[in-house]
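Below you'll find the structure, written out as structure tokens, and then a few comments.
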Amino acid sequence: DAIISLRDVSQTYRVKKRGSFAGTSALRAVRNVTFDIVKGDSFAVVGESGCGKSTLMRLLSRLERPSGGSVLCEGRDIAGLSGAELLGFRRKLQLVLQDPFNSLPPRTGIGAMLEAPLRTHGWRDPRKIREKVRAVMDDVGLPVSLYDDLPLGLSAGQRQRVNVARAMVLDPEILLMDETLSALDQTEQFKLLALFDKLQRAHGLTYIYISHDLAMVRKACNRIAVMYLGEVVELADNDRLFFDP
Ligand code: ADP
Ligand code: ADP
């Protein structure tokens, strides 16, 4: 059964009319998107730049609410979540963003960076926090000896592992990966895909990959939604996908 469902989801932005000082017009970045993501899926949303992927990412993570339709998590409309429920949803669905060079605070040690989300979510015992962070570092293939290091000296692949660890430390059920592998070379991409595979088996995770890279997505995902100009133009199991640019 579905862990995430989109029902006729649209997102409209007001934009300034070209060549006009006063007028605005409506831009429909996402149009009537409907799909189900099943627990344990590696689900991909793929398409060219401008097709609405980032907008969909913001809708899935409730950074924005849709102007039409609904996004459901285990049957609940996430637009209505607040307070503790929203914190619960943010723990359940974790974002892993693209660029590890920009998204890691440069002056925070790696261990401290991974401790922060635990504190936000109410962990208090310093010994338990350290223990959890070490376990997660080990899980994602980061040497625990890097605990007190700054991200400065890390390779791109290691930085992306820190990003993944920051998401994993809260024991999420869903990882929403927005161009997570796009900044990495092929060898690192393969290594991380192998890691994601391992983590998925160990923790029963559901993955949502947002990507422009169809070749990568076809290696990683069992189900693929192809977007074009805001619409899902194809939705199929990987081995049945017709779309081929
Ligand atoms: P992608 O991530 O696939 O490149 P986006 O979701 O960023 O696509 O953009 C889809 C369309 O919506 C584009 O035409 C973009 O200019 C527009 N858009 C995205 N976000 C906004 C916004 N906050 N305000 C106005 N227009 C936006
Ligand atoms: P806060 O409680 O202030 O949101 P967080 O530690 O949750 O503090 O987040 C700090 C910053 O890091 C925010 O800008 C957030 O968007 C970003 N962030 C949080 N978790 C992740 C993650 N798993 N992957 C990438 N960025 C994240």
Side-chain angles (χ1 to χ4, degrees), residues 37 41-47 49 53-54 56-58 60-61 63 90-118 120-121 132-222 224:
I37 300 174
D41 265 352
S42 290
F43 189 99
V45 176
V46 68
S49 174
K53 299 185 300 294
S54 308
L56 202 64
M57 182 278 288
R58 294 191 297 271
L60 283 163
S61 53
L63 295 172
R90 296 226 181 282
R91 191 198 60 74
K92 188 183 292 207
L93 182 147
Q94 281 284 307
L95 269 174
V96 185
L97 300 175
Q98 173 177 23
D99 193 345
F101 292 86
N102 291 324
S103 59
L104 296 181
R107 303 195 190 288
T108 309
I110 288 154
M113 204 177 300
L114 302 178
E115 290 176 9
L118 291 173
T120 303
H121 284 257
K132 177 68 183 172
V133 168
R134 284 165 193 270
V136 171
M137 288 179 77
D138 190 52
D139 216 11
V140 304
L142 284 170
V144 174
S145 59
L146 295 176
Y147 207 101
D148 296 314
D149 286 19
L150 298 177
L152 208 68
L154 299 184
S155 70
Q158 280 176 324
R159 280 165 185 257
Q160 200 49 278
R161 280 169 205 269
V162 174
N163 255 355
V164 173
R166 183 156 65 165
M168 287 299 296
V169 77
L170 291 170
D171 293 318
E173 294 172 32
I174 307 165
L175 290 190
L176 177 52
M177 318 234 227
D178 189 8
E179 302 284 4
T180 296
L181 300 177
S182 302
L184 301 176
D185 63 38
Q186 280 253 313
T187 315
E188 274 308 322
Q189 286 192 0
F190 279 122
K191 285 191 199 161
L192 275 152
L193 286 178
L195 169 67
F196 294 157
D197 205 41
K198 189 198 88 169
L199 292 176
Q200 193 168 41
R201 283 165 210 280
H203 302 279
L205 290 164
T206 303
Y207 292 140
I208 309 171
Y209 288 83
I210 311 270
S211 178
H212 68 280
D213 184 351
L214 184 67
M216 189 280 288
V217 145
R218 294 204 84 160
K219 275 179 237 141
C221 297
N222 65 305
I224 299 174

Minimum heavy-atom distance between Leu170 and Pro117, given as atom pair plus value:
CD2-O, 3.7 Å

Is any side-chain N of the basic residue among Arg218 and Asp213 closer than 4.0 Å to the acidic one's carboxylate O?
no

Answer yes or no: is there a donor N or O on one side and an acceptor on the other, between the side chain of Lys53 and the main chain of Ser211, under 3.5 Å?
no

Indicate, with yes or no, if the rings of Tyr207 and Phe196 have centres closer together than 6.0 Å.
yes

Working to the nearest 0.5 angstrom, can you tell me the gap between Leu114 CG and Tyr147 OH?
7.5 Å

Quick one: does any side-chain atom of Arg161 pair with a main-chain N or O of Leu142 as donor and acceptor, under 3.5 Å?
no

Output the distance between atom CG (Asp171) and atom CD (Gln94), rounded to the nearest 0.5 Å.
10.0 Å

Distance col, row Leu175:CG vs Leu199:CG, nearest 0.5 angstrom, shows 8.0 Å

For Tyr209 and Glu179, run side chain to side chain contact (heavy atoms under 4.5 Å, CB included): C-alpha distance rounded to whole Å, both residues' side-chain angles, the deciding distance at 0.1 Å, then the answer.
CA-CA 7 Å; Tyr209 288 83; Glu179 302 284 4; over 6 Å; no

Out of Leu154, Leu146, Val140, which residue meets the side chain to side chain contact (heavy atoms under 4.5 Å, CB included) rule with Val162?
Leu154

For Leu150 and Gly109, which heavy atoms make the closest approach, and how far apart are they?
CD2-N, 3.8 Å

Should Arg134 and Asp138 count as an ion pair when the cut-off is N to O under 4.0 Å?
no

Main-chain N/O of Leu205 paired with Gln200 side-chain donor or acceptor, under 3.5 Å:
yes

Cys221 to Ser42 - nearest heavy-atom pair and separation
CB-O, 3.1 Å

Inter-residue atom distance Lys132.NZ - Asp139.CG, 0.5 Å rounding
8.0 Å

Please check if the side chain of Arg90 supplies one atom and the backbone of Ser61 the other of a donor-acceptor pair under 3.5 Å.
yes

Would you say the side-chain atoms of Arg166 pair up with the backbone N or O of Met113, donor to acceptor, closer than 3.5 Å?
no

When you measure from the side chain of Glu188 to the backbone N and O of Asp185, does any donor-acceptor pair fall under 3.5 Å?
no

Are side-chain heavy atoms of Ile37 and Ile208 found at a separation under 4.5 Å?
yes

Rounded to the nearest 0.5 angstrom, the CD1-OG distance for Ile210 and Ser182 is 11.0 Å

Distance-minimising heavy-atom pair for Pro151 and Pro106
CD-O, 3.7 Å

Side chains of Leu93 and Glu173, heavy atoms from C-beta outward: is any pair under 4.5 Å?
no

Give a yes or no on whether the backbone of Val96 and the side-chain of Asn163 come within a donor-acceptor separation of less than 3.5 Å.
no

Got a donor-acceptor contact below 3.5 angstrom from the Gln160 side chain to the Leu181 backbone?
no

Leu63 and Leu95: side chain to side chain contact (heavy atoms under 4.5 Å, CB included), yes or no, with the steps?
CA-CA 11 Å; Leu63 295 172; Leu95 269 174; 4.2 Å; yes

Separation between CE of Met177 and CE of Met57, rounded to the nearest 0.5 Å:
13.5 Å

Leu192 vs Leu184 side-chain heavy atoms within contact, under 4.5 Å:
yes

Heavy atoms, side chains only, cut-off 4.5 Å: are Val217 and Val45 in contact?
no

Report yes if the side chains of His212 and Ser49 come closer than 4.5 Å at any heavy-atom pair, otherwise no.
no

